[in-house]
Amino acid sequence: MKLESLKRAVEILRAGGLVAFPTETVYGLGADATNSAAVRRIFDAKGRPSTNPLIVHVADEKTARRYAAAWPSEASGLALRFWPGPLTLVLAKAPLIVPEATPGRYTVALRVPDHPLTLALLREFDGPVAAPSANRSMRISPTTAEHVRQELGDTVDLILDGGPCRVGIESTVLDLSGSTPTILRPGGISREQIERIIGPVDLFAGAVCPTDAAASPGQHPIHYAPRTPAYRFEGEMPVSEKDERFYFILLGKDDSLQRFSLDRAVMPNMPDEYAHHLYSVLREADTSGKAAMLIELPPDEPQWLAVRDRLTRATRPLP
Ligand code: TXA
Ligand code: MG
């Protein structure tokens, strides 16, 4: 069964079609990154602005090198330590990748995802697969195959079901194309983990300050947005816990998702566990029928950077 769908997935990619696939972060919507028409179909299916560049997925470092014009020593060190895994490297691009995948740029974002099914697909396809998250543009990223069906339905030729995503939020995007390595989007691999391998890295202001413009498009303030108006708060609860207008997403006191009733979720107090559940809880809250959601931000500490980034982009401060 799995072999059958893998074979079909490879055929679809070769024919210029769209395949949604699981990764350890979120589900991706993939097309052959050497085929302009195929890549254009991704933008159509998502309703994504054609100026927003895509991440190119490959099976291993050796394959990644084919699509980068230069391979600095930092890339080798990081690939050795973190690939397959939730780290995307932005590097000078080789001409094999079509311009549609990297609109207006001389760089390409490359990553090796950590999921057995998708690694098998990439090995078998033996080429680069351009893939953004498999959601409609500006919506919450999918972490199950069912989410992908809800988001994209028939516009995808095939959805590979690899179960729920382990990490649950998108990869860290690290730009190695300039003079100082810079994190453009915090994610599954932390700044500290990266610095242990290559020394000090910068954090692009837009990656923490939600009012800044975009060096990495898709990093604008309201992104990953639920349909229900979503507000955030820090510290003391600004309204009564019984206020029926809100779906509450609160920070819990242990590392499990404690309660998940009709009007609230109490989230794990560990960043990895929190990230793992975040998008499915946001989806659940979005269908609760409540007028708004009210989300408690975790503390402003380095280990919460990626989660706070996503929450800040999904919410506004409570007026
Ligand atoms: O975890 C992930 O990264 C998921 C899975 C499917 O791999 N993919 C994902 O793709 O989140 P997407 O398209 O939703 O986000 C890609 C991010 C965007 O913020 C985009 O601007 C940035 O990567 N990006 C892509 N190419 C870039 C480039 N050449 N230079 C700077 N930023 C780039
Ligand atoms: Mg996305």
Side-chain angles (χ1 to χ4, degrees), residues 18-31 33 39 42-43 45-58 67-69 82-94 97-115 118-119 121-122 128-143 147-148 151-152 159-160 162 165-178 181-189 204 206-207 213-225 275 279 306 309-310 313-314:
L18 298 183
V19 175
F21 57 82
T23 81
E24 79 284 27
T25 59
V26 301
Y27 275 71
L29 176 63
V39 172
I42 295 179
F43 288 90
K46 282 188 59 112
R48 180 174 174 117
S50 61
T51 50
N52 196 351
L54 306 177
I55 293 176
V56 172
H57 298 69
V58 290
Y67 306 110
F82 297 118
W83 280 358
L87 178 66
T88 295
L89 300 178
V90 174
L91 294 156
K93 153 190 154 154
I97 304 294
V98 295
E100 284 80 359
T102 61
R105 286 159 194 269
Y106 65 91
T107 55
V108 61
L110 291 163
R111 105 173 183 94
V112 178
D114 187 15
H115 194 291
T118 293
L119 283 172
L121 171 69
L122 292 169
V129 174
S133 48
N135 50 281
R136 302 272 312 158
S137 187
M138 307 289 286
R139 293 269 306 138
I140 303 163
S141 295
T143 51
H147 295 166
V148 179
E151 287 285 324
L152 299 170
I159 300 173
L160 290 175
C165 301
R166 173 173 58 82
V167 175
I169 60 172
E170 300 82 353
S171 63
T172 303
V173 178
L174 179 71
D175 188 350
L176 291 178
S177 70
T182 304
I183 293 176
L184 301 179
R185 176 177 75 181
I189 300 290
F204 171 61
S216 193
Q219 285 303 86
H220 38 78
I222 297 293
H223 199 62
Y224 315 105
Y279 288 152
D309 172 80
R310 300 310 187 275
R313 285 174 206 290

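As the structure lists them, so they are numbered: ligands from 1, and atoms in each ligand from 1. In what follows, every heavy atom counts, from backbone to side chain, and hydrogens, waters and symmetry copies are set aside.
In this structure a side-chain-to-backbone donor-acceptor pair under 3.5 Å is missing from S177 to V90. With R185 contributing its side chain and L174 its backbone, the two residues share no donor-acceptor pair below 3.5 Å. Checked by atom type and distance alone, the side chain of K46 pairs as donor or acceptor with a backbone atom of N135 at under 3.5 Å.
Checked against a 3.5 angstrom limit, the closest N/O atoms of R111 and ligand 1 fall inside it. Ligand 1 has an N or O atom lying under 3.5 Å from an N or O atom of T25, backbone or side chain. Looking at Y27 next to ligand 1, no N or O pair under 3.5 Å apart turns up.
Under a 4.0 angstrom heavy-atom cut-off, R48 registers as being in contact with ligand 1. For T107, the heavy-atom gap to ligand 1 drops under 4.0 angstrom.
Checked against the 6.0 Å centroid threshold, H147 and Y279 do not count as a close aromatic pair.
Shown here for D114 and E24, the closest heavy-atom pair between the two residues is N-OE1, 3.0 Å. Annotation for S171 and T88: closest pair OG-OG1, 2.8 Å, computed over non-hydrogen atoms.
Only the side chain of V90 comes within 4.0 Å of ligand 1, judged by heavy-atom distances. Contacts of E170 with ligand 1, taken as heavy-atom pairs under 4.0 Å, involve both backbone and side chain. Counting heavy atoms closer than 4.0 Å to ligand 1, residue K46 contributes nothing at all. Counting heavy atoms under 4.0 Å from ligand 1, residue N52 touches it through the side chain alone. With a 4.0 Å cut-off on non-hydrogen atoms, L184 touches ligand 1 through its side chain and not its backbone. Neither the backbone nor the side chain of K93 comes within contact range of ligand 1; no heavy atom lies under 4.0 Å.
Among the backbone and side-chain atoms of S133, an N/O/S atom is found under 2.8 Å from the Mg ion (ligand 2).
Between atom NE2 of residue H57 and atom CZ of residue R111 there is a gap of 4.5 Å, rounded to the nearest 0.5 Å. In this structure, F21 CZ and L29 CG are separated by 8.0 Å, a value rounded to the nearest 0.5 Å.
For S133 and E170, the side-chain atoms include no donor-acceptor pair closer than 3.5 Å.
Near H57, the atoms of ligand 1 lying under 4.0 angstrom from a non-hydrogen atom of the residue are 5 (C), 6 (C), 7 (O). Within ligand 1, counting atoms from 1 as listed, the ones closer than 4.0 Å to a heavy atom of S171 are 1 (O), 2 (C), 3 (O). Of all atoms in ligand 1, numbered sequentially from 1 with element shown, those under 4.0 Å from a heavy atom of A109 are 25 (C), 26 (N), 27 (C). Every atom of ligand 1 is numbered from 1 in the order shown, and the set under 4.0 Å from a heavy atom of S133 is 8 (N), 9 (C), 10 (O), 12 (P), 14 (O).
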Verdict with supporting geometry, L184 and T182, side chain to side chain contact (heavy atoms under 4.5 Å, CB included): CA-CA 6 Å; L184 301 179; T182 304; 4.3 Å; yes
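When A130, P53, G28 are ranked by how near their heavy atoms come to atom 27 (C) of ligand 1, first place goes to P53.
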